Amino acid sequence: MRLVTRTLFAALFAATTTLAGPLAALADADRLVIDLVDEPTSLDPHLQWNPDSYYVYRNIFDNLLTRDDEGEIIPQIATEWEQVSDTETVFTIRDDVTFHDGSPLTAEDVVYSVKRITDPEFGSPQLSQFESITNAEVLEDGRVKLTTATGYPALFAQLVKLSIVPKAIVEEMGREAFNRAPIGSGPYKFDSWQRGVEVGLVRNDDYWGDAGPFPAAVFRAVPDASTRVANLTSGASDLVVGMDPDLAAQLEASDGVSPVSALTERVAYLSVNRNKPGLDDPRLRKAIAHAIDRELLVEGLLGGFDNPVGQMLTPAHVGWIEGLEGVPYDPDAARALIAEVGEPATRPFSFATSPVFDQRIVQALQQMLGEVGLTVNIEMTDMATYLQKSQSPPEQAPDLGFGRWSCACQDADGVLYPLLHSSSSWSRVRDDDLDVLLESARSEMDPDRRQELYGQIHEWIAEEVPQVPLYQAAIIYGASDNLEWSPTPNESLFLNRMGWSE
Amino acid sequence: MSTPIVSVRELKVHFPIRSGIMGRVTDHVRAVDGVSFDLMPGRTVAIVGESGSGKSTTGYAVMGMQEPTEGQILIDGRDRARMSRSERMATMRRLQIVFQDPVSALNPRMSAADSIAEPLQIHGVGTARDRRIRVQKLLDLVGLPRSAGGKLPREFSGGQKQRIVIARALALDPQAVICDEAVSALDVSIQSQILNLFLDLQSELGLAYIFISHDLSVVRHIADDILVMRAGKVVEQGPTDDIFSTARHEYTRQLLAAVPRL
Amino acid sequence: MMPIPRETQAQTPVLSCTDLRIEIGGNPVVDGTSLSIAAGETLALVGESGCGKSMTALGLIRLLPDAAHLSGGQISLQGERIDQLSERQMNRLRGNRLAMIFQEPVASLDPLMPVGRQIAEALSRSDTLTSAEVRTRVLDMLTRVGIDRPEIRARQYPFQLSGGMCQRVMIAMAMIRQPILLIADEPTTALDVTIQKQILELMGDLRRETGSAVLLITHDMGVVSESANRVAVMYAGRIVETGSVAQVFARPRHPYTAMLLRTIPRLDGPRKQALPAIAGAVPDIRDWPGGCRFHPRCPLATDHCRAKAPPLASVGASHETACWHHDRIATELT
Amino acid sequence: MTGSPRLRRWLPPRLWIFVAILAMMVLAALLAPLIAPQNPEAQNLLGRQRPPGTELRDITYLLGSDELGRDLLSRLIYGARVSLTVAALSVLVSGTIGTALGMIAAWLGGWIGTIIMRLVDIVLSVPAILLAIITVAILGPGFVNVIAVLAFTRWPRYARVAYGQTLGLMNLPYVRLSRFMGASTPRVLLRHILPNIIGPIMVVVTLEFGLMVLFEAGLSFLGLGVQPPMPSWGAILSTGRNYVTTAWWIAVFPGLFLFLLILSVNVLGDHVRDVVEGRR
Amino acid sequence: MSRFLVRRLLQAVVSILGVMALIFFLQRLSGDPVLLLVSEGASQQAIDALRSNLGFDRPMLVQFADYMTDLARFDLGQSVVQQVPVAEIIKSRLPYTIWLAGAALLLALGIGAPLGVFMAMRRNHPLSKLGMGFVLAGQSLPTFWSGVILILLFAVTLGWLPTSGARAAESVILPAFCLSLLSMATFARVTRTAVLDELSKPYIRAARAKGLSLGQTVRRHALRNSAIPVISIAALEIANLLSGAVIVETVFAWPGLGQLTIQSIAARDFPIVQAIVLLGAVVSILLNLAADLLYSAVDPRIRLEGRT
């Protein structure tokens, strides 16, 4: 017995001494502490596509273009640009930018970055955002020319997400090392990465623009929302992500902290699989649309943070038609239609979801459909399985599904094309006329004509109901009252746009 | 004369000792090392010896619960090693065993009647009704009330449990019973009752016994012939009276001298 | 059969108990037992399982299991009451003036400790001995109990020793502080006859050397006859007969003793004949019969026996029996 | 009351309260449709998170309403049904499989025994959560699959106990004799082994029952439990923990019930263990 | 003894290979990470490109053969999601798990075992009932719930301890305590049973007859003798603690392997899951081995005679 405890003590002592490093306190009042859900998967801006990485690396790297707080596309590395033809754009590159190691950022680096991310061999998860770019080259005058396969009006919206990496350094360090200790040109420099714990950034005092007030910033991984709330209220962190309206209510009730929110370009919707028995009847799909009370969802459940929408877009998108209401809430009409459909409407419908989504909404939707007489069974699986099921052939995919779509481009093409075009694996619609509409809207360079095309598509959706648009999702953060910051629709955390109040 | 029920010829039972990483057999424990004797119908052969002398292993080997390493065991003159499976099953019915500890010899969750009827069931003897009647008879035979059948072992005293074990051993009408220290664990006043029962059964049913014991006074009382064993070998063998009156081997004499006299 | 050492007879008994009662869960297991042991004598307490003989021994040394407790009676050691002593005072007494050995010698030793250290433990608690002195005394004691090469044996663990050897170690452990009373609870039951003889002889030798008294608990009449001076026969929680071994064995005055002696097969008795058995079984603690507890099995029982328990009464010089009909025994039961 | 002393011996009065708690929960589970005041799945999005005692549209929310305005009391009553059924069935399934495999492994020995016991090692060495997630991913989600997952990950514990106990019993004279006389393997296992190892198995059962309730709660916490809106205590608790400071009742009541349930099972399990091991 | 160990080790290696294969194929039956990695609306070409880039388009047996070949060279591969060597990720997470599980084990054993001894010695003492009530209560709460309560009480309201993370040494206190509650009752129970078992053995009575007090007897004899069941339970409980760490680490944002497990499974980061499984299996084998060695340290019968 004594022997056992003695051995254990010895083992623990050994463990403690080796742990002295990671556990050493780094107390520092000048740091901004942000609690994310998870740690970044990678800090190579071309190698991942997820919010927790995005939040961090956007502060390390500059992009070709960016959006201001109002959501307008503005210059960053490119100071100005010129549309040479429908398929060619020439960018002028800022000449006063240096990477964190001191080397200057050149047009070569811009071209390298474009080629790197568009190379299928490289395997970037962001490939499809940029695959319309067919060529990038440095012109004789030092400007950069990008060529697209066809006219591509969403190009600028996509380029907002293109981070510029230093060619020489990346090639020298190699992929793995660069991933571990990335070097960019942004307002913050990579400092440290304690796996599973936190990523530390320090301010780039040589930044060409405004680097913001924080000498250092720490992004921590705190998976449990309740724990993030506890961290914030106890003062252990200054800003936390991933709040929902109920947690926001908790923050409201606590001293010194508040929820901060913004409407995003994320649209929540109920997808309806037109290829399944019963649901192949447009009347039943219409009935489903009539059964959903968006206002109640938003007001009753989502605390009014979100914004009901009647089209598969948000006001933050190009392609949003002001005043288009979509299918109205009308349970009586829904019941009437269901009665008309008769027997095929009586089978139980499967409703796929994943723990990632707000389960209250899914259950509320189930209830609403139940109230008009449909039987709906929720099938919750983890996200990977959910995605796999959603991507399976339409005939095997679930009857209903809940989704929250973001293209991170604030352009209708990024939403409607993948969700409705028959070539897309995300779509369960196979309609030739619609395909033509989507294709022309995608490459139409005249904004008014383009808007008109999207109007037609919205009408088609309202008639055919492949999806029931629900609401424009809000993103809710919890922030210390000391922190001054207004979140934007594109869900970015730009440290240099934040500050301490007083 | 008649053939012996059991005839043991140069019986050897060796247990391997394994050692080393590969578990090679490096030596053997010679538990039984050359034992021979005959058991005639209606007679009692006793095997005496101290712990570790190999007397119980001999009993198990005769019973067939332990494979001999060498030597032969003849049942009614026929070598068991050459019997077919069904013949073996048949010989099994002719030999039965009573263990030392009546507690572990009975399934604590089975009623006395079920325990007694088990050999009948396994061998598929009679109908359920026949078996019930047989159990009643057996209870009478071993001097237990018929009402005992429905009770569980824990409701009986040690002596009564041993009676149930004996009844079970008699269920298939054996010709010989191997008694492995069958009275050693019993109280003095009960021991004599069970010994008397053995004697009665022998005269009534013509049973033969192989009586394994360390208790020389008990053995002297019940046995016709005696084998004295030590470390796997028989040191002395002969009719009971001869052994007790004129023990030839030094070890037998030591054993006799050690018995406390009343 | 040993004669009673004459010079000790008149002295205060080493140990005596009167009207000892022990209960388990409300049932008496020992029901008014009185005993006394003189210095240098061996008293055998004999009886069948469940008669309360081991409980009596454990009660005397106050090591009863949790469920059992002393519910009455007095115990005196050299005239001094010990039944009221505190646990702490008893600890000082045990191993010092009172020692005990048990039935299963191997299991009675801590399997994880070398035997030498276990013997030393009995010594090292109170005395101010140096470790070298302790060592010498342990080795010396091992030699006295007849263990060869004590230096090697002392370092060995119980599992490396035979049962007889373990009992020798137990005896060494018990005798190392020269107790005035050794309680031996079935010390040879688990051993082979040849080893039994050696152990009994060893105990006798040590008793003579040290003058300790011995309380020998056994179920074996043979052991009693060979190694005790006096005997007390127990049945169902009570002593039914007590006296010198010679008297009791030659002329038992209680039907139980008489029948028990006849029922054991003897090396000089008849062979292959029915033994004169005692009918019935030892009764369970929970339903001991009223009156004389032996009456359901007794051929001499009368209504009087069933109604009233006989007291232990003298039937000769230091020979007592608890039977209403002790005068009929000689004629009707032998 | 002749049975009373016997009852007191087997079940001392200080444990009656735990039996009563369990009995009430089982009763609530059995009679859920009769005693639940509301439909446990009926939402009222305008009456969310109302404190206990709130009256709203003729409905009194005795224990308050949950995050979707459902009656918490009704959900807890139906939740008892789900939690107890999941635990009971998974214990039954894993107990049966484990006990059978353990007995067979011990009895047959040889390579079959080795394979079974190595399988036990394998399943024990893989984190239960990992197996659970993968199994749910393959089988799909749902009530039945939760039970399947629990059974699949827990049977080795029974197998180990059954194996050890069977090995111990196999050499007892009555088993050896029965086997020697030619009794068939099923006969020996069912007549001689099983009745005598059921005690130790029951000890595992009581311990596992409490654990299974907790496991189901853990799966719910990870989003892999029973499907919403089916209420299980674990599911209610894991959503409720987000509202500890704003709507304490959603987390406190299921937490309390879960605690009382497992505590009762544990206390009674300890008692069963003591009785089985003859320590009382 | 050594023969036994070698055989056990060989069987263990076979078991590990079995586990690895089982998990390898089971995982791949449950989909691949490609869809989780790509952005919403990614074109089929982009999805296919990434899939082929990560090698998931090859036949499963080929993937398995490759994996095993790498493994034979002690190469655990690269994280699919993080694109860094798996070994590096495990190395950075492992110390935290050892630290947490070790502290929890120490707490569970340090509180549970003495309590068990006390309960065995003083069965009816009110304190032993109170103590058992406490550990049973601790075992009856789901950790994801008691964790939140602990945080709210000790970190938010009282402010004594950090809410989460592994920033300071005292950060481990709350999660370790929360985790230890799972095992404390088990240790108390097993210790109590083991000590009671020993106390009923003849050598205890013999030791008392020598004049040792109950306390001395327990300290000198019973404790050591009851160590074996406690050791074997400890080996099992460490495995349980590692499993329980999955939830506790999530609640307390503790950067150990538990959190990594759940994240990697959710992300279908196969190589990491494989590595964790491998580690888990190796650890459980090492624990059994350590338990065997401890047995022999405690028990001369095993040490000197190789009885097992």
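Chain letters run A, B, ... following the sequence lines, proteins first and then strands; every chain starts at 1. On a predicted model such as this, the values are computed, not experimentally measured, just so you know.
The closest donor-acceptor contact from the side chain of Arg271(C) to the backbone of Arg220(B) lies under 3.5 Å. Distance alone, capped at 3.5 Å, is enough to place a donor-acceptor pair between the His221(B) side chain and the Gln273(C) backbone.
By the neighbour-count criterion of 12 heavy atoms within 6.0 Å, atom CZ of Arg328(C) is densely surrounded, having more than that number from other residues, nucleotides or ligands. A 6.0 Å sphere centred on CZ of Arg30(B) holds more than 12 heavy atoms belonging to other residues, nucleotides or ligands.
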Could you go step by step and tell me if Lys272(C) and Thr240(B) meet the side chain to side chain contact (heavy atoms under 4.5 Å, CB included) rule?
CA-CA 11 Å; Lys272(C) 297 211 91 169; Thr240(B) 305; over 6 Å; no
Given the rule in the side chain to side chain contact (heavy atoms under 4.5 Å, CB included) test, do Ser189(B) and Leu260(C) qualify, once you have shown the distances and angles that lead to the verdict?
CA-CA 6 Å; Ser189(B) 67; Leu260(C) 208 54; 4.3 Å; yes
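Ranked by heavy-atom pairs under 4.5 Å with chain B, the first of Ala277(C), Gly50(C), Ala281(C) is Ala277(C). With chain C as the partner, the residue from Val219(B), Asp224(B), Val218(B) showing the most heavy-atom pairs under 4.5 Å is Asp224(B). Annotation: maximal heavy-atom pairing with chain B below 4.5 Å, among Gly163(C), Pro276(C), Gly280(C), occurs at Gly280(C).
Heavy atoms of Ser157(B) lying under 4.5 Å from chain C belong exclusively to its side chain. Proximity to chain B is absent for every atom of Asp284(C), based on heavy atoms less than 4.5 angstrom apart.
For Asp173(B), the side chain to side chain donor-acceptor pair (under 3.5 Å) partners two or more places apart in sequence, or in a different chain, are Arg134(B). Scored by the side chain to side chain donor-acceptor pair (under 3.5 Å) test, Asp220(C) finds no partners at all (sequence neighbours excluded).
The shortest heavy-atom contact between Lys197(C) and Ala258(B) is CD-CA, 3.5 Å. The shortest non-hydrogen separation linking Asp187(B) to Glu48(C) is CB-OE2, 3.2 Å. Smallest separation of non-hydrogen atoms from Gln196(C) and Pro260(B): NE2-CG, 3.4 Å. Residue Ile190(B) comes nearest to Arg297(C) through the heavy atom pair CD1-NH2, 4.4 Å, listed as atom of the first residue, atom of the second, then distance.
Scanning residues 185-194 of chain C against chain B with a 4.5 Å heavy-atom cutoff picks out Asp192(C), Val193(C), Thr194(C), ordered by number. Taking 4.5 Å as the heavy-atom cut-off, the residues of residues 193-206 of chain B that approach chain C are Gln193(B), Leu195(B), Asn196(B), Leu199(B), Gln202(B), ordered by number.
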